[in-house]
Amino acid sequence: MPIINARSNNGNSDGDRLVVDIYPLSSYYFSSKPAAASKDETIADRALRLKSNYDAFGMRTCVEAVILVELFKHPHLLLLQSKNCIYTLPGGRLRPGESDIDGLKRKLLSKLSVDDDDNYRTHWEVSECIGTWWKSDFETLPYPYLPSSGRTPKECTKLYLVKLPSNRDFIVPKNFKLLAVPMCQLHENRKTYGSIIAGIPQLLSRFSINMVRT
Amino acid sequence: MVVSPVVNTYPLSSYSFGTKEPKMEKDTSVADRLARMKLNYMKEGMRTSVEAILLVQEHNHPHILLLQIGNTFCKLPGGRLKPGENEVEGLKRKLSSKLAANSPNMQPNWQIGECVAVWWRPNFETIMYPYCPPHISKPKECKKLYVVHLSEREYFAVPKNLKLLAVPLFELYDNVQRYGPVISTIPQQLSRFQFNMISG
């Protein structure tokens with residue numbers, strides 16, 4: 001079988017860290033759980049809530065997981081779809097004082113695992129941060145650099161690569177669909193997925209994705 | 001988990017620039033370039049090229065050094081590796097060829113950092129992808145972009161036929177029209193770094 005992602009690693013000492021093993025979609029089990037109580041607020045209410053949180057706690061930080069599986073010999077990204085056209089990565093807002101890793105594990109449990117899991121059965125391996133996006137205001141678009149005005153941004157979103165074991169049970173709240181979307185469909189498809197998700201193939205390009213045959 | 005890597009950037013004014021003899025492009029048109037690429041592929045197999053992201057700061061915002069050919073076309077310093085050549089050594093060779101003075105005692109000590117992006121060319125065409133597309137088992141080129149850490153002072157000698165520009169990240173971001181898909185996505189690929197912007 002031709003090695004599709006073969007590259008010479010000469011001169012590159014961080015070769016091992018950059019290898020990501022991914023497993024076939026078929027090695028994972030998917031089922032659902034009841035939807036979490038939804039916030040169900042108007043856009044105006046949400047804007048007020050975000051503003052008052054900013055006044056109390058400062059910049060809002062969100063952490064999101066980039067999780068890959070293999071299908072048709074091509075890496076696919078796990079995305080949550082809600083309301084038919086909103087695509088999100090598993091993740092969410094950090095609580096004040098919470099570390100990135102703790103917050104991401106908490107969100108992964110809530111979005112992709114059973115609720116009463118004590119994190120010892122479902123171990124999430126959070127690898128490195130692959131990209132950061134900042135918003136100077138809550139309604140503006142995200143950018144991959146700090147605002148050059150020097151003002152503190154209102155929101156920061158950090159993407160973390162999460163490595164899966166060879167099998168896992170995914171339990172998804174009923175109000176979401178869990179999709180596996182091929183990288184070639186995400187690439188440059190900002191209209192459907194937004195800048196952050198459509199930019200993920202470029203953020204992952206430096207990794208050597210090893211599609212493990214089980 | 002790896003802690004966010006740091007890049008020290010110094011003001012553009014802490015560097016000095018001179019000129020040297022022109023370095024002409026080997027091909028005069030895109031068609032010529034692709035034809036030459038095909039010839040090389042027949043002889044040597046997949047081309048591996050390496051390019052350098054050299055960062056400076058201006059007004060507290062990171063800028064990338066680009067070489068401009070003619071009036072519009074911009075590229076990163078770098079180029080094709082020789083068959084079997086080590087990536088880091090090859091990149092240093094290309095950097096010295098494009099940006100260092102010719103005298104042996106004025107060679108910058110190039111500090112090659114992390115690889116931040118890899119692009120694949122599936123066919124003898126201009127389009128490249130940040131992954132090897134499905135069903136492509138014999139890509140024609142693999143291009144790797146590396147961050148290069150500059151020290152506080154350097155002397156660069158730029159070939160007379162090229163201009164060296166310092167372009168801010170906000171100008172590159174999303175600007176595919178002007179800079180192409182590879183350079184315009186560098187801001188996202190640098191977003192995980194912490195920039196330590198040191199003033200003069």
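Predicted, not measured: the structure shown is a model, and the values here were computed from it. Throughout, protein chains are lettered first and strands after them, A, B, ... in sequence-line order, and every chain is numbered starting at 1. What's counted below: heavy atoms across the whole structure, side chains too, no hydrogens, waters or symmetry copies.
Contacts of B:Tyr173 with chain A are made by side-chain atoms alone, with heavy-atom separations under 4.5 Å and no backbone atom involved. In this structure, no portion of A:Glu125 lies under 4.5 Å from any heavy atom of chain B.
Inspection of non-hydrogen atoms places A:Pro142, A:Tyr143, A:Pro144, A:Tyr145, A:Leu146 of residues 140-147 of chain A under 4.5 Å from chain B.
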| request: Give the intermediate values and the outcome of side-chain contact (heavy atoms from CB on, under 4.5 Å) for residues B:Ile186 and A:Gln202. | output: CA-CA 9 Å; B:Ile186 291 175; A:Gln202 294 135 356; over 6 Å; no
| A:Glu128 and B:Ser4: CA distance, side-chain angles, deciding distance, side-chain contact (heavy atoms from CB on, under 4.5 Å) verdict | CA-CA 8 Å; A:Glu128 49 182 287; B:Ser4 174; over 6 Å; no
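Distance check, rounded to the nearest 0.5 Å: CZ of B:Arg192 to CG of A:Leu159 gives 12.0 Å. Atom OH of B:Tyr131 is separated from atom CG of A:Leu186 by 8.5 Å, given to the nearest 0.5 angstrom.
Residues B:His59 and A:Ser148 have side chains not in contact (no heavy-atom distance under 4.5 Å, counting atoms from C-beta outward). Contact of the A:Trp133 side chain with the B:Gln188 side chain is registered, since non-hydrogen atoms from C-beta on lie closer than 4.5 Å. Counting heavy atoms from C-beta outward, A:Glu188 and B:Pro181 have side chains that approach closer than 4.5 Å. Inter-residue side-chain proximity for B:Glu114 and A:Arg206 is flagged as met; some heavy-atom pair is nearer than 4.5 Å.
Crowding of B:Gln177 atom CD: a count of heavy atoms from other residues, nucleotides or ligands under 6.0 Å not exceeding 12. Other residues, nucleotides and ligands place no more than 12 heavy atoms under 6.0 Å from the CD1 atom of A:Ile43.
In terms of heavy-atom pairs under 4.5 angstrom with chain A, the leader among B:Leu190, B:Val116, B:Asn60 is B:Val116. Contact count versus chain B (heavy atoms, under 4.5 Å) is highest, among A:Ser195, A:Cys184, A:Gly199, for A:Cys184.
Considering all non-hydrogen atoms of both residues, A:Ser205 and B:Pro130 come closest at CB-O, 3.1 Å.
B:Asn123 pairs by the side chain to side chain donor-acceptor pair (under 3.5 Å) definition with nothing, not counting sequence neighbours.
Between the side chain of A:Thr132 and the backbone N or O of B:Ser191, at least one donor-acceptor pair lies under 3.5 Å.
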